[in-house]
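Heads up: the structure comes next, in structure tokens.
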Amino acid sequence: EAVARFDTRANAARARDDAPVRITATTSISLFLTQHAARLSAAAGGLEIVIISTRERLDLARGEAEIAIRMRKPPGDAGYFGQKVGKLAQAFYVRRDVDPATAPVISVSRDVSSRIEQHILAWAAGRPIAARVGDSAARYESIRSSGAVSMAPCFLADADAGLIRLEEPPEATADEIFLVSHESSRQRPAGLAALDALRALFREYRGRLEGLG
């Protein structure tokens, strides 16, 4: 195990000083990061920031990314560092010109979030489900474009003047946000600077991410 960790750190040390800082996150969090990409780049000394949008758990120890933002507790393996930086809340939204009582209901794929699926089914109270959309950012787009009613991230939908929120964000459907790094990427000053910038960003926008305005 010690040899493997040494090899990982040695590979990280060989990275160019001007190599991009890669951040992996889910689609919804990636959209949030994209809104502040220039700020993150400036904090990392002007280096390129690569935002990798995926639900796959990229291996930080193997250098598949430098930083991960995950919705589950970080691994407890040696060499990993993680901290909770907030919550991602979702709530029901509909377009202002649409009657929520007759709008088609969009749910989620069962393998994405059973908690959100159960909440949507309870809200629908027997109304048929028109479609299932796994990605939360895509559900937001379905609300805007097709006049559906569904759950979307509060930081996206609350900022859209064309939508109205139908409820307070349920605690049961919120996801905790964890900032995860590995000792291999923490050898680079740019990686540490990007981590500091991400902590500050999530602290500043914590209320919006939690649907508190």
Side-chain angles (χ1 to χ4, degrees), residues 1-88 90 108-116 133-138 153 155 174-206 209:
E1 182 180 350
V3 170
R5 291 178 63 195
F6 176 82
D7 184 58
T8 298
R9 295 181 66 178
N11 288 333
R14 285 195 287 269
R16 302 191 320 271
D17 289 340
D18 61 348
V21 177
R22 295 165 298 170
I23 305 171
T24 177
T26 61
T27 302
S28 52
I29 293 296
S30 293
L31 281 173
F32 172 70
L33 297 180
T34 300
Q35 295 172 352
H36 306 281
R39 168 177 171 173
L40 294 174
S41 174
L47 289 184
E48 178 182 344
I49 299 293
V50 177
I51 299 172
I52 306 171
S53 177
T54 178
R55 296 185 65 85
E56 299 294 325
R57 295 174 69 87
L58 300 187
D59 193 335
L60 302 187
R62 293 183 178 274
E64 294 179 347
E66 281 71 50
I67 299 170
I69 300 171
R70 293 179 173 157
M71 318 311 281
R72 299 178 183 174
K73 289 185 178 180
D77 300 342
Y80 281 92
F81 299 81
Q83 71 177 103
K84 180 181 172 181
V85 291
K87 287 184 179 181
L88 179 65
Q90 301 201 34
V108 303
S109 304
R110 290 186 175 90
D111 59 340
V112 171
S113 174
S114 59
R115 294 175 292 118
I116 293 178
V133 179
D135 185 82
S136 57
F155 82 90
D175 288 305
E176 294 183 325
I177 305 171
F178 294 92
L179 183 60
V180 183
S181 60
H182 189 269
E183 61 181 7
S184 59
S185 59
R186 295 169 72 94
Q187 310 301 311
R188 293 181 60 198
L192 290 174
L195 282 169
D196 287 340
L198 285 166
R199 291 189 192 97
L201 182 64
F202 280 103
R203 184 166 55 247
E204 180 179 340
Y205 286 88
R206 185 165 188 165
L209 289 165

Legend entry - Cationic N near anionic O, under 4.0 Å, Arg55 to Asp135: no
Inset, instruction - Identify the heavy atoms of Gln187 and Ser184 that sit nearest to each other, and give their distance. - result: CG-O, 3.4 Å
Side-chain donor-acceptor pairs of residues 35-43 under 3.5 Å, sequence neighbours excluded:
from  : atom 1 : to     : atom 2 : distance (Å)
Arg39 : NH1    : Glu204 : OE1    : 2.8
Arg39 : NH2    : Glu204 : OE1    : 3.0
Ser41 : OG     : Leu47  : O      : 2.7

Inset, instruction - Would you check if Lys84 and Ile177 make a side-chain contact, meaning some heavy-atom pair closer than 4.5 Å? - result: no
Inset, instruction - Kindly give the heavy-atom pair with the smallest separation between Asp59 and Tyr80, and that separation in Å. - result: OD1-OH, 3.5 Å
Legend entry - Interatomic spacing from CD1 in Ile51 to CD1 in Ile29 - rounded to 0.5 Å: 11.0 Å
Inset, instruction - State which residues pass side-chain hydrogen bond (donor to acceptor under 3.5 Å, both in side chains) with Glu64; sequence neighbours excluded, sorted by chain then number. - result: none
Legend entry - Inter-residue atom distance Ile52.CD1 - Thr26.OG1, 0.5 Å rounding: 13.0 Å
Legend entry - With sequence neighbours excluded, residues passing ring pair (Phe, Tyr, Trp, His ring centres under 6.0 Å) with Phe155: Phe32
Legend entry - Pairwise distance CD1(Ile23) to OG1(Thr34) - rounded to 0.5 angstrom: 9.5 Å
Legend entry - Partners passing side-chain hydrogen bond (donor to acceptor under 3.5 Å, both in side chains) against Arg22 (at least two apart in sequence or in another chain): Glu66
Inset, instruction - Report the residues that fulfil side chain to side chain contact (heavy atoms under 4.5 Å, CB included) with Arg199, sequence neighbours left out, ordered by chain and then residue number. - result: Gln83, Leu179, Arg186, Leu195, Asp196, Arg203
Legend entry - Given Val180, Thr24, Leu33, the one that forms side-chain contact (heavy atoms from CB on, under 4.5 Å) with Ile69: Leu33
Inset, instruction - Apply salt bridge (charged side-chain N to carboxylate O under 4.0 Å, His left out) to Glu48 and list each qualifying residue two or more places apart in sequence or on a separate chain. - result: none
Legend entry - Distance-minimising heavy-atom pair for Ser136 and Gln90: CB-NE2, 3.8 Å
Inset, instruction - Please tell me if the side chains of Phe81 and Glu183 come closer than 4.5 Å, counting only heavy atoms from C-beta onward. - result: yes
